[in-house]
Amino acid sequence: MAFELGTPVNTALLVYILYSIQRILFPSNALPKTIPNEFKNGYTWMPKSHAPTLLYQTYTPKTLSPHNGQDGKRILLAIKGVVYDVTAGRNFYGPNGMYANFAGRDASRGMAKQSFDEEMLTPIDQPLDKLENLTPEEIDNMKGWMDHFSTKYIVCGKLVENDAA
């Protein structure tokens, strides 16, 4: 079976292959007339704005409490001394969210006990909860939450006692 250029399918295929080779060997270097800002006009690699930077830092219960999502601010919470930026989960942790009481607080005991009640929270002017009376199952539960948060949210600091910072 020989290749016949007289067949319309073969001719079209040969033209397409030659055109494709020409595009690969000699790509267009013309700049676009306008900078694309939507997918319709082409892909843009420039974000509309960069996310604000959040540095890793040491928090105390008092310095963590303002980060509760009020007025559109960041939402931080701590579990067993690790502070997470959960702003991306504003629907859950922000004002009126299911877990809003954990915003800006140490959520260790509540996460361990699977309780979102206010009494699970240590007052911000008290020493950190030592979590001494948790059962092994509750500790495993808390570690599971930490694993979940570590893969989903940014670790942005550590939580220490009020007088330690």
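Worth saying up front: this structure is predicted, and the values here are computed from it rather than measured.
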Self-check item: Listed partners of Lys158 passing side-chain hydrogen bond (donor to acceptor under 3.5 Å, both in side chains), at least two apart
Solution: none
Quiz prompt | Worked check of side-chain contact (heavy atoms from CB on, under 4.5 Å) between Ser108 and Asp129 | solution = CA-CA 8 Å; Ser108 303; Asp129 188 349; 6.0 Å; no
Self-check item: Over 12 foreign heavy atoms within 6.0 Å of CD1, Ile154
Solution: no
Exercise. Tell me, yes or no, whether the heavy-atom count around Asn96 atom CG, taken from other residues, nucleotides or ligands under 6.0 Å, exceeds 12.
Key: no
Practice problem: List for me each residue that meets side-chain contact (heavy atoms from CB on, under 4.5 Å) alongside Glu119, sequence neighbours excluded, and say none if there are none. | Solution: Asp117
Quiz item: What residues, two or more places apart in sequence or in another chain, satisfy side-chain contact (heavy atoms from CB on, under 4.5 Å) together with Ile21?
Solution: Ile17, Leu25
Exercise. Among Ile, Leu, Val, Met, Phe, Trp and Tyr joined by side-chain contacts under 4.5 Å, find the other residues sharing a cluster with Met120 and list them by chain and number.
Key: none
Quiz prompt | Hydrophobic cluster of Tyr99, others only, ordered by chain and residue number, side-chain cut-off 4.5 Å | solution = Tyr56, Ile75, Leu77, Ile79, Val82, Tyr84, Val86, Phe92, Tyr93, Met98, Phe102, Met111, Phe116, Leu121, Leu131, Leu134, Ile139, Met142, Trp145, Met146, Phe149, Tyr153, Val155
Please answer whether the main-chain N or O of [Y] pairs with a side-chain N or O of [X] as donor and acceptor at a distance below 3.5 Å.
{"X": "Glu161", "Y": "Leu128", "value": "yes"}
{"X": "Arg105", "Y": "Thr122", "value": "yes"}
{"X": "Gln126", "Y": "Pro123", "value": "no"}
{"X": "Asn162", "Y": "Lys62", "value": "yes"}
{"X": "Thr7", "Y": "Asn10", "value": "no"}

Quiz item: Do the non-hydrogen side-chain atoms of Arg109 and Asn133 ever get within less than 4.5 Å of each other?
Solution: yes
Quiz item: Do the non-hydrogen side-chain atoms of Cys156 and Leu76 ever get within less than 4.5 Å of each other?
Solution: yes
Quiz item: Do Arg74 and Asn68 meet the criterion of a side-chain donor-acceptor pair at a distance under 3.5 Å?
Solution: no
Quiz item: To the nearest 0.5 Å, how far apart are OG1 in Thr63 and CD in Gln57?
Solution: 7.0 Å
Self-check item: Minimal non-hydrogen separation, Ala100 against Gly94, with atom names
Solution: CB-O, 3.1 Å
Practice problem: With sequence neighbours excluded, give me every ring pair (Phe, Tyr, Trp, His ring centres under 6.0 Å) pair touching residues 117-143. | Solution: none
